[in-house]
**Student:** 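Quick one: structure below, then a few questions.
Every chain is numbered from 1, with letters handed out A, B, ... down the list of sequences.
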There are 2 protein chains.
Amino acid sequence: MYTKKIKENLDCGILVAAKVFGGKWKLCVLDAIHRGIVRPAEICRYIDEASPRVIEMQLAELLFFGVIEKRATDAYPKKTEYQLTALGESLLPLLEQIDNWGTTHAAFIKERQKEFEESQTA
Amino acid sequence: MYTKKIKENLDCGILVAAKVFGGKWKLCVLDAIHRGIVRPAEICRYIDEASPRVIEMQLAELLFFGVIEKRATDAYPKKTEYQLTALGESLLPLLEQIDNWGTTHAAFIKERQKEFEESQTA
DNA sequence: ACAATACCCGAAAAAAGATTCGGTATGAAC
DNA sequence: GTTCATACCGAATCTTTTTTCGGGTATTGT
């Protein structure tokens, strides 16, 4: 099992928040669950750019930090469903604000990114 | 120079936002500048957990994406100062919300993190 | 002249994070 | 009974990010 070598620093709010939803796809996963896409296989299909494994792992982390909770029948067929906890719901305003900001400035940022990529190839 | 192998995906607001302020210390750098800590050496001292090099690099990225701008006297002594652009200021509400969320839940998250670390050593 | 500081940069190395691959288990559909 | 789907996990590998290290330029203070 992998253990971190550099000690984690949770000394400011920003770093605590980054710890909880800092993964590459965590906010997307939360967004999916919020939209009612609550079963693992569904989420994987919804976020098809990400590998299923990383979604599993990020679900596990979100679960561990109490952001989401799991409803699963132990019996088969396993119909696992995730849902936001109160803590998870407290993240929704942030999620929305972050998404809004990104959507608003997407065109500008993409333009800059394109310039950057062109400067690399030239 | 390092070039990415996996194509970037900026198809949703969340991913655009992550691109702009997703680095390990970018939000802390923005926070510092917002608080009036505007010179590179000062910022490095302020965020002394981070290596000066990464702060330089992240300043360069923030500059490139137009989040901050640079005021430097070309003459020596170089008194470089960074300040937020309009785009950068548009990030402040997010920054504040993220910091507030983290501060509010810091105790709980630290507790969970501690549990996790203990479960590793045992 | 010499040390200290500020600013910036390149490149190797280390660390962290993500992906791929294979495996387990169970049940359903054909 | 073979194939497919869901859910999950370990481990090797690959990619990205961060860190470390060293260099270069120019100024200030002693």
**Student:** Toward the 5' end of DNA chain C, which comes first, A/T3 or A/E49, by nearest nucleotide?
**Tutor:**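 Per heavy-atom nearest nucleotide, the more 5' residue is A/T3.
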
**Student:** Does this structure show an ion pair linking A/E117 with A/K114, if we count only N-O contacts that are shorter than 4.0 Å?
**Tutor:**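 Answer for the salt bridge query: no.
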
**Student:** Less than 4.0 angstrom between a side-chain N/O of A/K24 and OP1 or OP2 of C/dT19, yes or no?
**Tutor:**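 Result: yes.
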
**Student:** A/L84 and side chain to side chain contact (heavy atoms under 4.5 Å, CB included): which partner among A/V38, A/L92, A/L91?
**Tutor:**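 Option passing the side chain to side chain contact (heavy atoms under 4.5 Å, CB included) with A/L84: A/L92.
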
**Student:** Among C/dC8, C/dT20, C/dA16, find the nucleotide with the atom closest to the side chain of A/S51.
**Tutor:**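 So the nucleotide nearest the side chain must be C/dT20.
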
**Student:** Side chain of A/P40 only, please: which of C/dC7, D/dC8, C/dA18 is the nearest?
**Tutor:**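 Ranking C/dC7, D/dC8, C/dA18 by closest atom to the A/P40 side chain puts D/dC8 first.
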
**Student:** Do any N or O atoms from the side chain of A/R112 and from the backbone of B/F64 form a donor-acceptor pair under 3.5 angstrom?
**Tutor:**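 Yes, because the side chain of A/R112 sits within donor-acceptor range (under 3.5 Å) of the backbone of B/F64.
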
**Student:** Just how far, in rounded Å, is C1' of D/dT19 from NZ of A/K7?
**Tutor:**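 Distance check: A/K7 NZ to D/dT19 C1' gives 18 Å.
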
**Student:** What integer distance in Å separates B/E42:CD from C/dA6:P?
**Tutor:**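 Nearest whole value for this atom pair: 9 Å.
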
**Student:** Between C/dA6 atom C1' and B/K79 atom NZ, what is the distance in whole Å?
**Tutor:**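 Rounding to the nearest Å, NZ of B/K79 and C1' of C/dA6 are 11 Å apart.
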
**Student:** Is B/T80 near enough to C/dC8 that one of its side-chain N or O atoms lies under 4.0 angstrom from OP1 or OP2?
**Tutor:**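 For C/dC8, OP1 or OP2 has a side-chain N or O of B/T80 closer than 4.0 Å.
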
**Student:** Output yes when at least one side-chain N/O atom of A/R45 is less than 4.0 Å from OP1 or OP2 of D/dT6, else no.
**Tutor:**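 Answer yes for this pair, as a side-chain N or O of A/R45 is under 4.0 Å from OP1 or OP2.
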
**Student:** Quick check on DNA chain D: between A/A60 and A/I6, whose nearest nucleotide comes earlier from the 5' end?
**Tutor:**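 Between the two, 5'-proximity favours A/A60.
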
**Student:** Pick base, sugar-phosphate or nothing for B/Q58, based on heavy-atom distances below 4.0 Å to the nucleic acid.
**Tutor:**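 Sugar-phosphate, no base atom in range.
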
**Student:** Of the nucleotides C/dA16, C/dA18, D/dA7, which has the atom closest to the A/A41 side chain?
**Tutor:**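 So the side chain of A/A41 is nearest to D/dA7.
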
**Student:** Without decimals, in angstroms, what is the distance between A/R71 CZ and D/dA7 P?
**Tutor:**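 It works out to 16 Å between those atoms.
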
**Student:** Closest-nucleotide mapping onto DNA chain D: is A/K70 or B/G23 further toward the 5' terminus? I mean the 5' end.
**Tutor:**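 Whichever sits nearer the 5' end wins; that is A/K70.
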
**Student:** Kindly say whether A/E69 contributes a backbone atom to a donor-acceptor pair with the side chain of A/T85 at under 3.5 angstrom?
**Tutor:**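 Not at all, since once roles are kept as given, no pair shorter than 3.5 Å links the two residues.
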
**Student:** Tell me what B/K26 touches on the nucleic acid: a base, only sugar-phosphate, or nothing, going by heavy atoms under 4.0 Å.
**Tutor:**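 The residue B/K26 makes no contact with any strand.
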
**Student:** From CD of A/E56 over to P of C/dT19, roughly how many Å is that when rounded to an integer?
**Tutor:**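 About 13 Å, once rounded to whole Å.
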
**Student:** Let me know the distance between OH of B/Y2 and P of D/dT15, rounded to the nearest Å.
**Tutor:**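 So the OH-P distance, B/Y2 to D/dT15, works out to 8 Å.
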
**Student:** So, are B/K70 and B/E81 salt-bridged, with charged N and O less than 4.0 Å apart?
**Tutor:**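 No.
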
**Student:** Distance check needed: C/dC7 P versus B/R39 CZ, whole Å only.
**Tutor:**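 It is 4 Å, rounded to the nearest whole Å.
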
**Student:** Report yes if a donor N or O on one partner sits less than 3.5 Å from an acceptor N or O on the other, where the partners are the side chain of B/R53 and the base of D/dG22; otherwise report no.
**Tutor:**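 No.
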
**Student:** So, is B/K4 near the phosphate of D/dT16, with a side-chain N or O under 4.0 Å from OP1 or OP2?
**Tutor:**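 For D/dT16, OP1/OP2 do not have a side-chain N/O of B/K4 under 4.0 Å.
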
**Student:** Nearest whole Å is fine: how far is D/dT19 P from B/I47 CD1?
**Tutor:**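 That distance rounds to 11 Å.
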
**Student:** Checking salt bridge (Lys or Arg N to Asp or Glu O under 4.0 Å) for the pair A/R45/A/E42: CA distance, chi angles, key distance, verdict?
**Tutor:** CA-CA 5 Å; A/R45 279 189 294 262; A/E42 284 176 341; 5.5 Å; no

